[in-house]
2 protein chains.
Amino acid sequence: MNRRFSVQKKMIKESLKRLDHPTAAQVYEEIRKVYPQISLGTVYRNLNIMVEDGEIMRLPFSGAPDHFDQNPEEHYHIVCSRCGRIFDTDGIPHELLAELDEAVQACAGVEVQSRILIFYGICAACKKVQ
Amino acid sequence: MNRRFSVQKKMIKESLKRLDHPTAAQVYEEIRKVYPQISLGTVYRNLNIMVEDGEIMRLPFSGAPDHFDQNPEEHYHIVCSRCGRIFDTDGIPHELLAELDEAVQACAGVEVQSRILIFYGICAACKKVQ
DNA sequence: GTCATTGCAAAACGTTTGCATGAAT
DNA sequence: ATTCATGCAAACGTTTTGCAATGAC
């Protein structure tokens, strides 16, 4: 299963960097403007491959479509519960996460390997509008 | 929109206590054994109502169906990445969560109102089997 | 030439909804 | 009598998949 080059995949990766935590559909719509023959299936297939290969990160949400993050490094997110915008929270102290993992292990007796942490709040822009 | 009694809802709530963090489909299958005419739509409708009323908790997962927790109190979960079993992590110190919220706010400039924290690891039983 | 990747359309999946019937108040 | 809840089936939105054609190596 050797990976081969494809323009589509390249465009998807570039789109991911340009857009801010987009969904597959948003990537699809963006690329369609300049490359109308691309298919949504191709977008999904490539996003899955890139997640699998550790090139990008998937941000799953309840009910809503997944979003994708061009930054695969471990970091977490806070979502504005009013406008839905997603903000990065890189810079959470590592010791704090380690403490949290320890607390979880103490509660449940299972060693933490990874985590999905999604925070919700109202962003500055939405707060201003009231 | 006054809520009325229904046997179905009662059965769903009891099933939720008996089963361990089940999905809607699992609740449906369990009830069907003793009450075959129940419909999946009714199960979903009632689960949504109970979540809305703060009687139970919804546990959303990426791609997979939602699970439901009969305990509506704030607590989090660790999922066995091998067998999928869900363990409660009640007892995470409140100060630790407060520290985490603070760190998130410091990173992203958004005040945390709520959070979805899902941890992954391999449970004791699965570790034994290798 | 081999076989990974594409576009397309259909299917799969979890979930919600419209509607006529039935049950709770 | 009112109107909320049910069962059923159809619809929904997201994602995956089967397949023949195309393109990378």
Side-chain angles (χ1 to χ4, degrees), chain A residues 1-16 19 21-53 55-69 79 84 86 116 118, chain B residues 1-16 19 21-53 55-69 79 84 86 116 118:
Chain A
M1 213 21 130
N2 291 326
R3 303 257 123 97
R4 290 182 187 176
F5 173 85
S6 91
V7 242
Q8 291 88 342
K9 184 175 175 183
K10 195 181 165 199
M11 292 177 117
I12 291 165
K13 197 150 193 187
E14 277 164 6
S15 179
L16 222 50
L19 303 173
H21 303 100
T23 62
Q26 288 168 339
V27 169
Y28 172 64
E29 288 304 336
E30 229 238 345
I31 294 177
R32 225 146 76 93
K33 287 178 197 157
V34 351
Y35 191 84
Q37 66 269 43
I38 198 165
S39 89
L40 187 54
T42 296
V43 172
Y44 272 106
R45 256 186 303 238
N46 277 291
L47 288 171
N48 284 339
I49 286 170
M50 289 191 257
V51 168
E52 205 172 297
D53 290 355
E55 293 176 41
I56 65 172
M57 191 190 277
R58 181 195 307 276
L59 308 180
F61 292 98
S62 125
D66 288 352
H67 290 243
F68 295 87
D69 191 327
V79 180
I86 300 171
I116 291 182
I118 302 178
Chain B
M1 219 7 134
N2 290 328
R3 303 258 123 98
R4 289 185 187 173
F5 173 86
S6 91
V7 243
Q8 290 88 339
K9 182 173 176 184
K10 195 181 168 202
M11 293 177 117
I12 291 166
K13 195 149 195 189
E14 278 165 6
S15 180
L16 222 49
L19 302 174
H21 303 99
T23 62
Q26 287 169 339
V27 169
Y28 172 64
E29 287 304 334
E30 229 239 345
I31 295 177
R32 224 145 77 93
K33 287 178 197 158
V34 351
Y35 191 84
Q37 67 268 42
I38 198 165
S39 89
L40 187 53
T42 296
V43 173
Y44 272 106
R45 256 186 304 238
N46 277 291
L47 288 171
N48 285 338
I49 286 169
M50 290 191 255
V51 169
E52 205 173 297
D53 291 354
E55 293 176 40
I56 64 172
M57 191 191 277
R58 182 195 308 275
L59 309 180
F61 292 99
S62 121
D66 288 352
H67 289 243
F68 295 87
D69 191 327
V79 180
I86 300 171
I116 292 181
I118 302 178

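Only heavy atoms go into these numbers, but all of them, side chains included; no hydrogens, no water, no symmetry mates. Order of the sequence lines fixes the chain letters, A, B, ..., with proteins taken first and strands second; residue numbering starts at 1 for each chain.
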Item to check | Between D/dT6 (P) and B/Leu47 (CG): distance, integer Å | outcome: 11 Å
Item to check | Contacts of B/Asp53 that satisfy side chain to side chain donor-acceptor pair (under 3.5 Å) - sequence neighbours left out | outcome: B/Arg3
Next on the checklist: In whole Å, I'd like the distance from the CD atom of A/Glu29 to the P atom of D/dT14.
Outcome noted: 12 Å
Next on the checklist: For a side-chain contact (heavy atoms from CB on, under 4.5 Å) check, start with the C-alpha distance between A/Met11 and A/Glu30, then their side-chain angles and the critical distance, and finish with the verdict.
Outcome noted: CA-CA 10 Å; A/Met11 292 177 117; A/Glu30 229 238 345; over 6 Å; no
Next on the checklist: Distance check needed: D/dT16 P versus A/Tyr28 OH, whole Å only.
Outcome noted: 16 Å
Checklist outcome for this item: Separation of C/dT25 atom P from B/Phe5 atom CZ, nearest Å, is 8 Å
Item to check | Partners meeting ring-ring contact (aromatic ring centres under 6.0 Å, His included) with A/Tyr44 (sequence neighbours left out) | outcome: none
Checklist entry - How would you list, by chain and number, every residue that makes a side chain to side chain contact (heavy atoms under 4.5 Å, CB included) with A/Arg58, sequence neighbours excluded? => result A/Asn48, A/Val51, A/Asp66, A/Phe68, B/Ser62
Item to check | Residues which pass side chain to side chain contact (heavy atoms under 4.5 Å, CB included) with B/Glu29, listed by chain and number, not counting sequence neighbours | outcome: B/Arg32
Item to check | Donor-acceptor pair present, A/Arg4 side chain and C/dC3 base, under 3.5 Å | outcome: yes
Checklist outcome for this item: Residues passing the side chain to side chain contact (heavy atoms under 4.5 Å, CB included) test with A/Asp69, sequence neighbours excluded, are A/His21, A/Met57, A/Leu59, A/Asn71, A/His75, A/His77, A/Asp88
Checklist entry - To the nearest angstrom, how far is A/Met50 atom CE from D/dT15 atom C1'? => result 16 Å
Item to check | Helical stems, DNA chain D - three or more consecutive Watson-Crick or G-U wobble pairs below 3.5 Å | outcome: C:1-25 with D:1-25
Checklist entry - Where along nucleotides 6-16 of chain C does protein come under 4.0 Å, by heavy atom, of base (B) or sugar-phosphate alone (S), with - for untouched nucleotides? => result BBB-----SBB
Item to check | Counterpart residues, side chain to side chain contact (heavy atoms under 4.5 Å, CB included), relative to B/Ser39 (two or more places apart) | outcome: B/Thr42
Item to check | For B/Lys10, all residues meeting salt bridge (charged side-chain N to carboxylate O under 4.0 Å, His left out), sequence neighbours excluded | outcome: none
Item to check | Euclidean distance, atom CG of residue A/Leu59 to atom P of D/dT14 [Å, nearest integer] | outcome: 16 Å
